[in-house]
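Only one structure is covered here, and it is reproduced in the block below.
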Amino acid sequence: MESELRGFNTKPSKTPQPDPTHDDASSRDDRPLLTSASNVLELEKKCAAYVRNDVYGAMGRGELLLMEKLQLGIAFVTLLPLRTILVMTVLVVYYLICRICTLFSVPNHGEGQEDYAHLGGWRRTVILRSGRFLSKTLLFLVGFYRINETHNGSKNSQENSKTAGTLQPDEPEQRPGAIVSNHISYLDVLYHMSSSFPSFVAKRSVANIPLVGLISKCLGCVYVQRESKSSDFKGVSGVVTDRVRKAHQDEYAPKILLFPEGTTTNGDYLISFKTGAFLARAPVVPVILKYPYQRFSPAWESVTGMRHVVFLLCQFVNHMEVKWLPVYYPSQLEKDDPKLYANNVRRLMASEGNLILSDIGLAEKRIYLATLNGLFCKS
């Protein structure tokens, strides 16, 4: 999110270019939205999926009531330093575990990727079990004392699974190839690490972040470098498809988590899906995340990284609801048409999660953030 805000102003020099490896219905030119910075309300209606509705307001800079300021001030000098120390301690501990487990091991190299997902035996067991436990610990430390999870899908999702294919879910050929989830916050990844410890798509720069870089390699992350146009690599879409297909066919292959929206929302909407998770024609597991809140929303929308972390750690209790739907088995029509497959899964998730469908995408988000950034820079 911080990288999306950085470098924007009210007069962007270029129209956002669509990613050639993904489908994006919002790649059209939307520059007219910036004709008047004062017309924010109209822009918020169009970009409702990215609008913050908590007491902290857009960019976390809303005018707070006196009681809210008092609570924030108390938490800032008590909860924030305590939680920061504990979180960093857990992170260092897991880094050391990963460092020990990868000693004398050569990472996988291929298609511009580097990871330790191939490790087996006691090394993989230690990485996985400690990773899941410590991820749960981190969630607890930042205020998610209880996560409300449901695993029984509704009649609609169960009927779809039955009609989409004839094989039974426990047959090897029907192993899910990916977990597909709506995307609200960086906390989504932490939850999924605590539940199923999958690999996921991350920016290539993540691999070089101290502590986090090695952990991401142990997860088997797929690194993205969108600016690279080298013909030597098959691209992110090709690597993701291979990972999904391998997870579908090999029970020992690491699971992969994909956010088909391609960016975060405020949690009330489900925006357009990219087809990357569905190109392998393998079954997927849909997961719906929600973060009920009263004061600060954990959604990573318009708030820069450090400010968001501070507000999150200063909130004594945070809430999360997770709904796991049954494995979605694509019909032959959906296998032949990944876009149809993606749209059908998206509609099912919206129905099961009471989410609002919106066809906007990353292009509109960039314009909305650019407008907010320009307005707050002037004020």
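Count residues from 1 along the sequence. Predicted, not measured: the structure shown is a model, and the values here were computed from it.
Tracing side-chain contacts under 4.5 Å through hydrophobic residues (I, L, V, M, F, W, Y), one reaches Met88 starting from Val90; they form part of the same cluster. There is a path of hydrophobic side-chain contacts, each under 4.5 Å, that joins Val87 to Leu96. Linking ILVMFWY residues whenever their side-chain heavy atoms come closer than 4.5 Å, directly or via other members, leaves Leu340 and Leu348 in distinct clusters. Residues Tyr269 and Val345 fall into different hydrophobic clusters, defined by Ile, Leu, Val, Met, Phe, Trp and Tyr side chains chained together at heavy-atom separations under 4.5 Å. No path of Ile, Leu, Val, Met, Phe, Trp and Tyr side chains, each step under 4.5 Å between heavy atoms, connects Leu72 with Phe316, placing them in separate hydrophobic clusters.
In terms of modelled atom types and a separation under 3.5 Å, the side chain of Asn182 and the main chain of Leu289 share a donor-acceptor contact. Here the side chain of Asn343 pairs a donor or acceptor atom with the backbone of Lys339 at under 3.5 angstrom. A side-chain donor-acceptor contact under 3.5 Å links Tyr94 to the backbone of Ile127. Thr275 places no side-chain N or O within donor-acceptor distance of the main-chain N or O of Pro338, the cut-off being under 3.5 Å. Without hydrogens or angle criteria, Gln315 side chain to Leu312 main chain gives no donor-acceptor distance under 3.5 Å. Looking only at distances, no side-chain donor or acceptor of Glu301 sits under 3.5 Å from a matching main-chain atom of Arg52. No donor-acceptor distance shorter than 3.5 angstrom exists from the side chain of Asp115 to the backbone of Cys221, with no hydrogens or angles considered. One N or O on the side chain of Glu334 and one on the backbone of Ser331 form a donor-acceptor pair closer than 3.5 Å. At least one donor-acceptor pair closer than 3.5 Å links the side chain of Ser297 to the backbone N or O of Ala299.
Within a 6.0 Å sphere centred on NZ of Lys255, other residues, nucleotides and ligands contribute 12 heavy atoms or fewer. In the displayed structure, Phe133 atom CZ is contacted under 6.0 Å by at most 12 heavy atoms of other residues, nucleotides or ligands. Environment of NZ in Lys290: crowded, with over 12 heavy atoms of neighbouring residues, nucleotides or ligands closer than 6.0 Å.
Separation of the Tyr328 and Tyr341 ring centroids falls under the 6.0 Å cut-off. For Tyr56 and Phe296, the gap between ring centers is short of 6.0 Å.
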- Does the pair Cys218 and Thr102 meet the rule for a side chain to side chain contact (heavy atoms under 4.5 Å, CB included), with working shown? CA-CA 8 Å; Cys218 288; Thr102 55; 3.8 Å; yes

- Message: Leu270 vs Ile356, test: side chain to side chain contact (heavy atoms under 4.5 Å, CB included). Steps then yes/no.
- Response: CA-CA 6 Å; Leu270 203 61; Ile356 304 169; over 6 Å; no

- Under the side chain to side chain contact (heavy atoms under 4.5 Å, CB included) criterion, do Asn318 and Met320 qualify, and how do the steps go? CA-CA 7 Å; Asn318 290 294; Met320 184 188 300; over 6 Å; no

- Message: Could you walk me through whether Leu66 and Leu70 satisfy the side chain to side chain contact (heavy atoms under 4.5 Å, CB included) test, starting with their C-alpha distance in whole Å, then the side-chain angles of each, then the deciding distance to 0.1 Å, before giving a yes or no?
- Response: CA-CA 6 Å; Leu66 179 60; Leu70 182 62; 5.7 Å; no

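Here the straight-line distance linking atom CG of Leu43 with atom OG1 of Thr371 works out to 5.0 Å at 0.5 Å rounding. Taking OH of Tyr368 as the reference point, atom CD1 of Ile360 lies at 10.5 Å (rounded to 0.5 Å). We find the NZ-CG distance between Lys136 and Leu190 to be 11.5 Å, quoted to the nearest 0.5 Å. One finds the CG atom of Leu86 at 10.5 Å from the CG atom of Leu79 (value rounded to the nearest 0.5 Å). Taking CE of Met349 as the reference point, atom CG of Leu357 lies at 10.5 Å (rounded to 0.5 Å). Atom-to-atom distance recorded for Tyr95:OH and Ile100:CD1 is 10.5 Å, nearest 0.5 angstrom.
Looking at heavy atoms from C-beta onward, Glu352 lies in side-chain contact with Ile288 at the 4.5 angstrom threshold. At a threshold of 4.5 Å between non-hydrogen side-chain atoms, the residues Val303 and Arg61 do not count as touching. Between Trp300 and Ile184, the closest side-chain pair of non-hydrogen atoms is not below 4.5 Å. With contacts defined as side-chain heavy-atom distances shorter than 4.5 Å, the pair Ile256/Pro198 does not qualify. Residues Cys101 and Val126 have side chains in contact (heavy-atom distance under 4.5 Å, counting atoms from C-beta outward). A 4.5 Å side-chain heavy-atom check between Arg175 and Pro283 finds every atom pair outside the cut-off. In this structure, the side chains of Val287 and Val180 stay at 4.5 Å or more apart for every pair of heavy atoms. For the pair Lys217 and Pro107, the minimum side-chain heavy-atom distance is 4.5 Å or more.
In this structure Arg347 satisfies the side-chain hydrogen bond (donor to acceptor under 3.5 Å, both in side chains) test together with Asn344, sequence neighbours excluded.
Nearest heavy-atom pair, Ser105 versus Tyr116, reported as atom, atom and distance to 0.1 Å: O-CE2, 3.7 Å. Closest approach of Glu68 to Val55, counting heavy atoms only: CD-CG2, 4.3 Å. Val222 and Arg243 make their closest contact through CG2-NH1, 3.5 Å (heavy atoms, listed as atom of the first residue, atom of the second, distance). A pairwise comparison of heavy atoms in Arg307 and Gly60 identifies NH1-O, 3.4 Å as the closest pair. What you find for Phe197 and Gly131 is that their closest heavy atoms are CE1-CA, 3.7 Å. Between Thr241 and Gly276, the shortest heavy-atom contact is OG1-O, 4.2 Å.
Note on Arg346 versus Asp359: salt bridge recorded, some NZ/NE/NH1/NH2 to OD/OE distance being below 4.0 Å.
For the residue pair Thr264 and Lys365, a side-chain donor N or O sits within less than 3.5 Å of a side-chain acceptor on the partner.
The side chain to side chain donor-acceptor pair (under 3.5 Å) contacts involving residues 186-202 comprise Glu149-Tyr191, Ser181-His192, His183-Asp188, Tyr186-His308, Asp188-Tyr291, Tyr191-Trp324, where partners must be two or more places apart or lie in separate chains.
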